[in-house]
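Data first, discussion second: the structure below is written as structure tokens.
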Amino acid sequence: MSITTPPGTAEAGTVSQDELALAARNHGMPLEALAYDVTPVGMHYLLTHYDVPYVDPATWTLEVDGAVERPLSVSLDQVRARTAVTEPVTFECAGNGRALLDPRPISQPWLLEAVGTGSWTGTPLAAMLSEAGIADGAVEVLFTGLDRGVEGDIEQTFQRSLPLEDALRDEVLLAWELNGAPLPPQHGFPLRLVVPGWYGMTNVKWLTRITVLDEPFSGYQNARGYRMRQDPDEEGTPVSRMAVRALMVPPGIPDFATRRRFVDRGEEQLIEGRAWSGEGAIESVEFSADGGATWGRADLSAEAGPHAWRGWSIRWTPSAPGDTEVCCRATDAAGREQPAAPPWNLGGYSNNAVQRVPVTVR
Ligand SMILES: Nc1nc2c(c(=O)[nH]1)N[C@H]1C(S)=C(S)[C@@H](COP(=O)(O)O)O[C@H]1N2
Ligand SMILES: [Mo]
């Protein structure tokens, strides 16, 4: 155990009541739900920085303003009357894997479950912006939610900006349905942003205002939060697209208290999981039953869509009794791979190290 712990990190082996409160509010997706192409709504992970706002859809409006020629004010019925598309999109919180870092940055203590795939229905943002008429000199688009809180000693409304060229991509949606039903309150009712390929914080919930900016946004969630850095004084680089990752449904049955898995020798296991990347399609997935010493190539399922995770499977028959670790890792079309051990950063972002599941073969 270390005697001194860097600021903002937890002492080894400790979890505070504050972290337990965060973990209880913001639940993960149980990894057995990797079995579904589209995550059932109640099993999708959830992350809300402040409180879930109560929204009256009758009085709610979406404002489009800033560096535009014709500011818009749109009701929910007007948004829903626009061209609609439905797409499966995989979300992953940028802090997924944070609690596996050493030392552990203090924030939402995710292990590996901050992921899910929704079938999102919405209207393309680009068409709405072109209706408003983007003024010359625009550089970013700012998205404002209805939720307020304090973070890093700064009172704020949840706001995130996107570079203009990213905001104008075809796949970016203003979504009002998840899995064929109106957004539930906790997932952003009545309207949220969906930016396929980017980490979760980009998908602003309870959206009420879209502001075209002619200079970069300097607010907390872009300038201080969600930056890759080693030190608080460093400017760092923005967290953006999801790093390549494969996860599996943990095999066998779990122990209630420790989650250790048990499988029986000689009994064939169908190992199944999902893999995704914000940088391109999944090229291959590999599985290891001996802690990463040797790897076998998994079969890939058909792609469900360009922005959804891809299913994979492989058969494994445990032969030697005793303790082992099963692992999986993916490679994407950009040639990106997963590290065996995670590189550390202050916010605990983008930890896509190989998943390791301790298993006892009986
Ligand atoms: N308005 C608002 N939008 C938000 C957040 C928030 O706290 N407030 N959390 C973000 C983060 S960090 C993530 S990972 C995703 C989680 O989306 P979900 O809760 O629908 O899974 O929402 C993003 N959008
Ligand atoms: Mo997140």
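Just so it is clear, the values below take in all heavy atoms, side chains as well, and ignore hydrogens, waters and symmetry mates. All residue numbers refer to positions in the sequence shown, counting from 1.
Formation of a donor-acceptor pair under 3.5 Å by the Thr121 side chain with backbone atoms of Glu177 is not found in this model. A donor-acceptor pair under 3.5 Å is formed between the side chain of Asn179 and the backbone N or O of Thr39. For Arg104 (side chain) and Thr14 (main-chain N/O), a donor-acceptor pair under 3.5 Å exists by modelled atom type. For Arg261 (side chain) and Gly252 (main-chain N/O), a donor-acceptor pair under 3.5 Å exists by modelled atom type. Side-chain N or O atoms of Thr208 include one that pairs as donor or acceptor with a backbone N or O of Thr61 at under 3.5 Å. Side-chain atoms of Arg336 never come within 3.5 Å of backbone atoms of Val244 as a donor-acceptor pair (strictly under, hydrogens ignored). Looking only at distances, no side-chain donor or acceptor of Asp332 sits under 3.5 Å from a matching main-chain atom of Ala281. In this structure, Asn351 contributes its side chain and Arg98 its backbone to no donor-acceptor pair below 3.5 Å. Listed for the Gln108 side chain is a donor-acceptor partner under 3.5 Å among the backbone atoms of Asn26. Gln78 places no side-chain N or O within donor-acceptor distance of the main-chain N or O of Val74, the cut-off being under 3.5 Å.
When only modelled atom types and interatomic distance are considered, Arg25 and Thr48 share no side-chain donor-acceptor pair under 3.5 Å. When only modelled atom types and interatomic distance are considered, Tyr45 and Glu92 share no side-chain donor-acceptor pair under 3.5 Å. Gln355 and Gln338 form no side-chain donor-acceptor contact under 3.5 Å, judged by distance and modelled atom types alone.
The line from CD of Glu87 to NE2 of His307 is 5.5 Å long, rounded to the nearest 0.5 Å. For the atom pair CG of Leu193 and CG of Asn203, the computed distance is 6.0 Å after rounding to the nearest 0.5 Å. Atom-to-atom distance recorded for Arg160:CZ and Met201:CE is 4.0 Å, nearest 0.5 angstrom.
Electrostatic pairing of Arg148 and Glu155 counts as a salt bridge here, judged by a charged N lying under 4.0 Å from a carboxylate O. Using a 4.0 Å cut-off between charged nitrogen and carboxylate oxygen, Arg241 and Glu279 do not count as a salt-bridge pair. Look at Arg169 and Asp166 and you find no salt bridge, because none of the NZ, NE, NH1 or NH2 atoms lies under 4.0 Å from a carboxylate O. The pair Arg209-Asp65 meets the salt-bridge criterion, since a charged nitrogen lies less than 4.0 angstrom from a carboxylate oxygen. Salt bridge Asp37/Arg274: present, at least one basic N to carboxylate O contact under 4.0 Å.
For the pair Val89 and Leu173, the minimum side-chain heavy-atom distance is 4.5 Å or more. Side-chain contact check for Ser277 versus Ile282: some heavy-atom pair is nearer than 4.5 Å.
Atom OH of Tyr36 sits in a sparse spot, with 12 or fewer heavy atoms from other residues, nucleotides or ligands closer than 6.0 Å. Annotation: Arg229, atom CZ; neighbour count of heavy atoms from other residues, nucleotides and ligands within 6.0 Å is above 12. Annotation: Glu235, atom CD; neighbour count of heavy atoms from other residues, nucleotides and ligands within 6.0 Å does not exceed 12.
Both Trp176 and Leu207 are part of a single hydrophobic cluster, where members link through side-chain heavy atoms under 4.5 Å apart. The hydrophobic cluster containing Val52 also contains Phe143, counting ILVMFWY residues as joined when their side-chain heavy atoms lie under 4.5 angstrom apart, directly or transitively. Under the 4.5 Å side-chain heavy-atom criterion for ILVMFWY residues, a single connected hydrophobic cluster contains both Val212 and Met128. No continuous path of hydrophobic side-chain contacts links Val172 to Phe217 [ILVMFWY only; heavy atoms under 4.5 Å]. Under a hydrophobic clustering in which Ile, Leu, Val, Met, Phe, Trp and Tyr are joined whenever their side-chain heavy atoms come within less than 4.5 Å, directly or via other members, Met248 and Ile314 fall into the same cluster.
By the 30° and 60° cut-offs, the orientation of the rings of Trp120 relative to His187 is perpendicular. Ring orientation note: the planes of Trp276 and Trp309 are tilted relative to one another, at an angle of 30° to 60°. The aromatic rings of Phe287 and Trp312 are tilted relative to each other, their planes meeting at an angle between 30° and 60°.
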Go through the steps to decide whether Thr117 and Thr90 satisfy the test side-chain hydrogen bond (donor to acceptor under 3.5 Å, both in side chains), and finish with yes or no.
CA-CA 4 Å; Thr117 296; Thr90 297; 2.7 Å; yes

Side chain to side chain contact (heavy atoms under 4.5 Å, CB included) between Gln221 and Glu151, intermediate numbers included
CA-CA 9 Å; Gln221 303 297 341; Glu151 205 170 336; 2.8 Å; yes

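Of the candidates Cys328, Pro251, Ser313, Ile271 forms a side-chain contact (heavy atoms from CB on, under 4.5 Å) with just one, namely Pro251.
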